[in-house]
Amino acid sequence: MMDISNVEKTVLDAKECIQRTEDVIMHTYNRYPLVWDKGSGVYLYDIDGKKYLDFVAGIAVHALGYENKKWNEAVKAQIDKLTHISNYYYSVPMMEAAEKVIKSTGMDRVFFTNSGTEAIEGAIKTARKYYYDKHKKADSEIIAMEHSFHGRSLGALSVTGTKKYREAFEPLIGGAVFAEYNNLEDVEKKINDRTAAILLETVQGEGGVYPATKEFIAGVRKLCDEHDIMMILDEIQCGMGRTGSMFAYEKYGLKPDIVTIAKALGCGIPVGAFATTKKAAALVPGDHGTTYGGNPLATAAVNAVFEQFEELNVLEHVKEIGDYLYEKLEELKNRYDCIQEHRGLGLMQGLEFTVPVADIIKKAIEKQLILINAGTSVIRFVPPLVIQKEHVDEMIEKLTASIEEVQYNK
Ligand SMILES: *Cc1c(COP(=O)(O)O)cnc(C)c1O
């Protein structure tokens, strides 16, 4: 038995925490030197008690902000009752969460996972199984998009359109073909009689905050219908109210055959899902599984998220505050030559700079504002969905000062 009695329990300060963490945690992230201690509303506090405005939300996770009382209570109550039972049995929280996902997505069947990546894995397996059932052969292809992001597992990586993420880990799963996002002609060219699915983010997140055009999404839907191909929309980042509708595809007036969800689905409890139409629900007993997925704790969190979305009228709020953020970022873009483009929907917006944004983000941290990039030249704005105008104003003020100072120093 390992002796852990000599592991010191009290952390004295941020510096010590960072040093001790780097000594033991695998170095797969270059972290900011910030040690978070607690969250409240749309603010985070570091271990010295310093308060920061949060425009990252744990990467589009904390839709409800921090310390939502009802979510906290629901999760705590479920911990006291029962957290896990495995998927050999039923539970009321899973039933309710599944009903909510089905109702809000317009799909017919759902499978709960522990992450977005796993939701992608399930979606790919579903499309492959549908193809296999139909053609009685296992040689299907999936068309995915350049600059997409779907996760880091070997399957999700295979359909992620950033070469540097994939390269060292090849050979990945076969049959992935890449097309240019928002280029319908390119997608059409890549369809053949082995194509099982077309996979895309309704709004590309990591790739730089690019919403799909109406023509593109509608065209992909049409191609999928014509060829009996599964249309998979990855709404892991842009779903759950982020764009002002529960799912971004509602804005385009259509539905996919398969949708993937995660990030804000649990608002801090790890949970994801993929949902399909009845026709696309090709997985049967023995085809797929998970130990934790959909357990009572995770699905109690999901239920609380949906309930809070209703109670707080989150979608209406996102529309209003998203417009306000849009207006303010547009002003900023018009003011600075170093900002070349402004894109986005609802509370998922991006500013593309002509320069790398790392220095601006570092400056913002000095001013107690946290921001996140998407690639080297885009600042991505994915705050908690419950932010108010005053928080947008505070962010704009701090960002403006950061841009000024960074430019000044050049
Ligand atoms: C974050 C993200 C994923 C991966 O989700 P994880 O929960 O990190 O596994 C997949 N697709 C999109 C669009 C994402 O933003």
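The structure presented is a predicted model; accordingly, all values stated were derived computationally and were not measured. First listed ligand is number 1; within each ligand, the first listed atom is number 1.
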Should one rank K263, H150, Q204 by closest heavy-atom distance to atom 2 (C) of ligand 1, which comes out on top? K263
Counting each atom of ligand 1 from 1 as listed, which ones have a heavy atom of [X] under 4.0 Å away?
{"X": "E201", "answer": "13 (C)"}
{"X": "G116", "answer": "5 (O), 6 (P), 7 (O), 9 (O)"}
{"X": "T117", "answer": "4 (C), 5 (O), 6 (P), 9 (O)"}
{"X": "D234", "answer": "10 (C), 11 (N), 12 (C), 13 (C)"}

Per-pair distances, 0.1 Å, donor-acceptor, side chain in residues 276-286, under 3.5 Å, sequence neighbours excluded:
| from | atom 1 | to | atom 2 | distance (Å) |
| --- | --- | --- | --- | --- |
| T277 | OG1 | A280 | N | 3.2 |
| K279 | NZ | Y130 | OH | 3.4 |
| K279 | NZ | D228 | OD1 | 2.9 |

NZ/NE/NH1/NH2 to OD/OE distance under 4.0 Å, D287 and K125: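 Looking at D287 and K125, the cut-off is not met.
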Taking only Lys NZ, Arg NE, NH1 and NH2, and the carboxylate oxygens of Asp or Glu, determine whether E405 and K367 approach each other closer than 4.0 Å. yes
Among R380, H147, H150, side chain to side chain donor-acceptor pair (under 3.5 Å) partner for E206: R380
Is the gap between the ring centers of H391 and Y43 under 6.0 Å?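 Yes, the ring of H391 comes within the 6.0 Å limit of the ring of Y43, centre to centre.
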Any N or O on I236 sitting closer than 3.5 Å to an N or O of ligand 1? no
